[in-house]
Protein chains: 2
Amino acid sequence: MNKRSITIKDLAAELRLSITTISRALNGYSDVGEATRERVREAAKKHGYRPNRNAQRLVTQRTRNIAWVQSDNDKKFVDPHFSEVMAGVLRGARLEGYDIVLTSDTTEHQLDVYNRYVQDNSVDGFVIDLPQHDDPRINFLLETGKPFIVHSRNKRCDEYSWVDVDNPGNYRKLTQLLIANGHKNIAFVNGDARFTFAHARQKGVDQALEELGLPASTVITFNATHPMANSGFQLTQLAMQHKDITAILYSSALMAVEGQAALLPAGRVPGQNIAIATMDDMLSYLDLSPYEGVFTFVRSSLRVAGEKLVTGLIAQCENTSARTQTIVPSQFSLAVDIDPSALETL
Amino acid sequence: MNKRSITIKDLAAELRLSITTISRALNGYSDVGEATRERVREAAKKHGYRPNRNAQRLVTQRTRNIAWVQSDNDKKFVDPHFSEVMAGVLRGARLEGYDIVLTSDTTEHQLDVYNRYVQDNSVDGFVIDLPQHDDPRINFLLETGKPFIVHSRNKRCDEYSWVDVDNPGNYRKLTQLLIANGHKNIAFVNGDARFTFAHARQKGVDQALEELGLPASTVITFNATHPMANSGFQLTQLAMQHKDITAILYSSALMAVEGQAALLPAGRVPGQNIAIATMDDMLSYLDLSPYEGVFTFVRSSLRVAGEKLVTGLIAQCENTSARTQTIVPSQFSLAVDIDPSALETL
DNA sequence: TTCCTCTACTAAAACGTTTTGGTAAACTCG
DNA sequence: CGAGTTTACCAAAACGTTTTAGTAGAGGAA
């Protein structure tokens, strides 16, 4: 039970070397003889020695910990999109030898935990997911000067590091593509408008209409209020009340798939009498193979975004002046009933 | 930027007290004058002093960190059920002043990260979710003697702490309830059989049949292989190929809801010509209000389970001999077409 | 030989706490 | 008044590392 772990002192005693030499041997310094280094390595392996993380952190002032703070009563926590980003973050962190410290705040005292972490040396930096337009977490962290990175952008985005997808561009193109294929009545099933990503997508749609000189009524938007299972179904049902709609533009493939159950009773068959287009975040939770060539996708991996978030943040932790401002690329994959030539002229 | 945080020494200097007194004042020791304690408190607040977590951890040998290790290529990560348990864990941890350290392993070297954490003093204990029948993580942690707690039970469950729901009991009762209401051909849409929870539920179903002397063919089981969006839909479609089925028993309400889209085309209406029964994990991702009185539920909150997991584990971390072996209670909520009297005789 | 350089090592300080084992002064009581 | 007790403080050690500022000795050059 709870036996004390082996320490650098134990190794030093056993090998009749100073703890300095043990430390420097294991950390790859050149002022250690090769024979000695080998002896140290072997003894360390034999005893399963690992440096005490807390002692290391105390002396180096670096924790190799990254904070992810999740709002306790926040529905977005349970959204599969969250899990996908997190999976990428975890992978990136593991490869770099970092750990993720996950906590929840209370919405009333959202900044408390950020403040605590800044003060008590628990973490080197923060990942912020799903920012809002005037996000208090971003404002706070900018003030403290602690490293952080944001998934998506808000209005202060040139002051901090971020990883994002080209939301306006993607949705502008999807909209123009649908219009070029003859669709004049489009439903746009979008996410919660409080979040920057949903706002950016709406902007892309609006821009497309403006460029083509079409009235705003060409697209009717339906906003999800919370990420909920089957919200795609419910919003699609709403959209189906507008009989003249011939295309639906979704904000997530999950919603698009859920929406299928609302299409059938309305006599709509994707690719035949209705066109479906959506962003595909490449959720591993969602099998899209049945919809290949049936839906039009613009694909970009949230998992990759997660990995880029964490590597960007780590770069900044290790070199304070490093800034990451990266657009994760997207690929189009068109439904068979969509004429691809329209895409080239965009 | 990166300005050094204020330390106990700074406070001592400012107040012309020893660091001992500062420490003991803030930690509530009785050998500090009330006036002094107040002075210390005020100065600490004024400067936003927080003890350096790593120094604390080094000297106390306790981290107030709990590890949750997630398999990297594991689909279960993206399952909304995971998020719900995690939400509970985070809440419990926050209330007790603990943080969660989240990492991923690689499936090939699953135990590496457990081993590292045991050796390098990163965490005080581990939470293990979704154990398998002969789970190597459990075997390993039992050997090391490090505190851990398991969500669900496997065959060695009297050797460790766990939190679980009465899976066999609940599914025995649901099965008997359906049979008592005249259903002789039941589909059982169950989870992945590798996991103990799915196995335990199957056992409950089997036991019900045995007790009633009914043939095993009364219930046909359909196992999910991965947690996937819409797997409830696909498995329900499969079940609908058996025309004589009059009741479906699901392993999760999410699957039950997804299955709805497969029922309609088969001419089935819940509560009229088909009975639906399921466990309800009270996912905040899922709105079940439309199915109240339509499905039969046995309800138990995964979020509560998560909270109990973390408080049980913390108790064990702080007092090595403490063991938690808790069944989270379940409540029945019957569909209107189900005769409740059958339940009382069980 | 002497001086210099290079190799291979080390003692001690530092990181910021908590805890142990005190003590000096102030009170209490017979 | 003096002995004992209580109150309110503190110096120093400890936790387990990394890093700084060395040194002793071997080898080479003149």
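Letters A, B, ... are given to chains in the order of the sequence lines, protein chains preceding strands, and every chain is numbered from 1. It should be emphasised that the depicted structure is a prediction, and the values quoted were computed from it without experimental measurement.
- A donor atom on one side chain and an acceptor atom on the other are not found under 3.5 Å apart for Asn154(B) and Thr196(B).
- Near-neighbour residues of DNA chain D inside residues 8-17 of chain B, defined by a heavy atom below 4.0 Å, number-ordered: Arg16(B), Leu17(B).
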- [ ] Indicate for each nucleotide in nucleotides 21-26 of chain D, in 5' to 3' sequence, whether protein heavy atoms under 4.0 Å reach the base (B), only the sugar-phosphate (S), or nothing (-).
- [x] ------
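- Paired runs in DNA chain C that reach 3 or more consecutive Watson-Crick or G-U pairs, where each pair keeps both distances under 3.5 Å, cover C:1-30 with D:1-30.
- Taking a cutoff of 4.0 Å between a charged side-chain nitrogen and a carboxylate oxygen, Glu42(A) and Arg39(A) do not qualify as a salt bridge.
- Partners of Phe126(B) under the ring pair (Phe, Tyr, Trp, His ring centres under 6.0 Å) rule, at least two apart in sequence or in another chain, are Tyr114(B).
- With sequence neighbours left out, the side chain to side chain contact (heavy atoms under 4.5 Å, CB included) criterion links Glu318(B) to Arg62(B), Arg64(B), Tyr98(B), Ile314(B).
- When heavy atoms are screened at a 4.0 angstrom cut-off, Thr36(B) is found touching the sugar-phosphate backbone but no base atom.
- Using a 3.5 Å distance cut-off with no hydrogens or angles, the side chains of Gln325(B) and Ser161(B) do not pair a donor with an acceptor.
- Within residues 39-65 of chain A, the residues having any heavy atom closer than 4.0 Å to DNA chain C are, in order of number, Leu58(A), Val59(A), Gln61(A).
- Evaluation of the side chain to side chain contact (heavy atoms under 4.5 Å, CB included) rule for Asn27(B) yields Ser23(B), Tyr29(B) as partners, not counting sequence neighbours.
- Taking side-chain N and O atoms only, Asn27(A) has a distance below 4.0 Å to OP1 or OP2 of dT18(D).
- When the ring pair (Phe, Tyr, Trp, His ring centres under 6.0 Å) test is applied to Phe197(B), no partner is found at least two apart in sequence or on another chain.
- Qualifying side chain to side chain contact (heavy atoms under 4.5 Å, CB included) partners for Ile19(B), counting only residues two or more places apart in sequence or in other chains: Ile8(B), Lys9(B), Ala12(B).
- With sequence neighbours left out, the side chain to side chain contact (heavy atoms under 4.5 Å, CB included) criterion links Leu95(B) to Arg91(B).
- Using a 4.0 Å cut-off between charged nitrogen and carboxylate oxygen, Lys46(A) and Glu14(A) count as a salt-bridge pair.
- When the ring pair (Phe, Tyr, Trp, His ring centres under 6.0 Å) test is applied to Tyr117(A), no partner is found at least two apart in sequence or on another chain.
- Taking only side-chain nitrogens and oxygens, Ser23(B) comes nearer than 4.0 Å to OP1 or OP2 of dT18(C).
- Using a 4.0 Å cut-off, some side-chain N or O of Thr21(B) falls inside it from OP1 or OP2 of dC10(D).
- Phe148(A) is linked by a ring pair (Phe, Tyr, Trp, His ring centres under 6.0 Å) to Tyr160(A), counting only residues two or more places apart in sequence or in another chain.
- Under 3.5 Å, the side chains of Ser321(A) and Asn319(A) contain a donor-acceptor pair of N or O atoms.
- For the pair Tyr29(A) and dA8(C), the criterion of a side-chain N or O lying under 4.0 Å from OP1 or OP2 is not met.
- For Ile19(B) and dG16(C), the CD1 to P distance is 11 Å, given to the nearest whole Å.
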